[in-house]
Amino acid sequence: MALGVRCFRLLHPTFCSYLATLTRPVSEISMKPVRKRQHDRQYLAYPVVPVRQFATKKAKGSLDHITVVTADGKLALNHIGQISMKSPQLILVNMSSFPECTAAAIKAIRESGMNLNPEVEGTLIRVPIPKVTREHREMLVKLAKQNTNKAKENLRKVRTNAMNKLKKSKDKTSEDTIRLIEKQISQMADDTVAELDRHLTAKTKELLG
């Protein structure tokens, strides 16, 4: 058993880390430092976590998950802009620290699928909060389902890669160990799919009641 676990980790450590990313709370996800080219600053990027961030109660936090495409890669909005609440109906995003990302941030907010129509004044982005109607909640549920399906598709790709690497090691590993690792990979994938479905069900209930 211990040999199987060691072999599995050596064969495809990415599989374990990907599953952990999908199931960990956002606060526990390790963030990757990225160096800014022009001003030699550092900010953080993290992988998008599906389902959990679709909220209607905390307007300010609902923008945190939005990913902005910049020259240095995909970055979280709340790490390149200062997000604050002007009122319950208005969120402000101050992009003065990274003004060159303002246009990309506006685009990301508009394309977030949250029915937001930001306005810009220099490097200050004003984001009016629409009334949370039944239609808006249903749209959020639809987005949650899309993100969940995307995560499942990524998981299938990781599983396939792990299985392919396992097949290439048959000359160096016993058949019993191969079967054990295959079983472990399948079990981890199945458990993660079940976890994603549980989060989706809980979020759907939270949004629609």
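Position 1 is the first residue of the sequence, and the numbers go up from there.
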Nearest 0.5 Å, please: how far is CG in Leu92 from CG in Leu124?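 Between Leu124 CG and Leu92 CG, I get 5.0 Å after rounding to 0.5 Å.
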
Cationic N near anionic O, under 4.0 Å, [X] to [Y]:
X	Y	answer
Glu138	Lys142	no
Arg198	Glu195	yes
Arg179	Glu182	no

Is there a path of hydrophobic side-chain contacts, each under 4.5 Å between heavy atoms, that joins Ile66 and Met85?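 Same cluster: Ile66 reaches Met85 through Ile, Leu, Val, Met, Phe, Trp or Tyr contacts under 4.5 Å.
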
With the 4.5 Å side-chain cut-off for hydrophobic clustering, are Val93 and Val120 part of the same group?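 Same hydrophobic cluster.
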
Return the minimal non-hydrogen interatomic distance between [X] and [Y], and the atom names on each side.
X	Y	value
Ile185	Ala162	CD1-CB, 3.9 Å
Ala151	Leu196	CB-CD1, 4.0 Å
Leu207	Leu140	CD1-CB, 3.8 Å

Crowding at CD, Gln82 (>12 non-hydrogen neighbours, <6.0 Å):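 Atom CD in Gln82 is not packed in, count stays at 12 or less.
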
With no hydrogens and no angle check, do the side chains of Gln187 and Asp191 hold a donor and an acceptor under 3.5 Å apart?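 Result is yes, a qualifying pair exists.
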
Donor-acceptor contact below 3.5 Å, side chain Ser174 vs main chain Thr177: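 It does hold such a pair.
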
Exam field: side chain Ser169 to backbone Leu166, donor-acceptor pair closer than 3.5 Å: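 At least one qualifying donor-acceptor pair exists.
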
Does any non-hydrogen side-chain atom of Met95 lie less than 4.5 Å from one of Ile80?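 Yes, close enough: below the 4.5 Å cut-off.
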
Let me know which of Ile91, Ile125, Val68 forms a side-chain contact (heavy atoms from CB on, under 4.5 Å) with Ile109.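 Among Ile91, Ile125, Val68, the one meeting side-chain contact (heavy atoms from CB on, under 4.5 Å) with Ile109 is Ile125.
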
Those residues that, when tested against Glu121, pass side chain to side chain donor-acceptor pair (under 3.5 Å) (two or more places apart):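 Glu121 satisfies side chain to side chain donor-acceptor pair (under 3.5 Å) with Arg126 only.
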
Against Lys152, only a single residue in Asp197, Thr192, Asn147 fulfils side-chain hydrogen bond (donor to acceptor under 3.5 Å, both in side chains); can you say which?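 Of Asp197, Thr192, Asn147, side-chain hydrogen bond (donor to acceptor under 3.5 Å, both in side chains) with Lys152 is met by Asp197 alone.
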
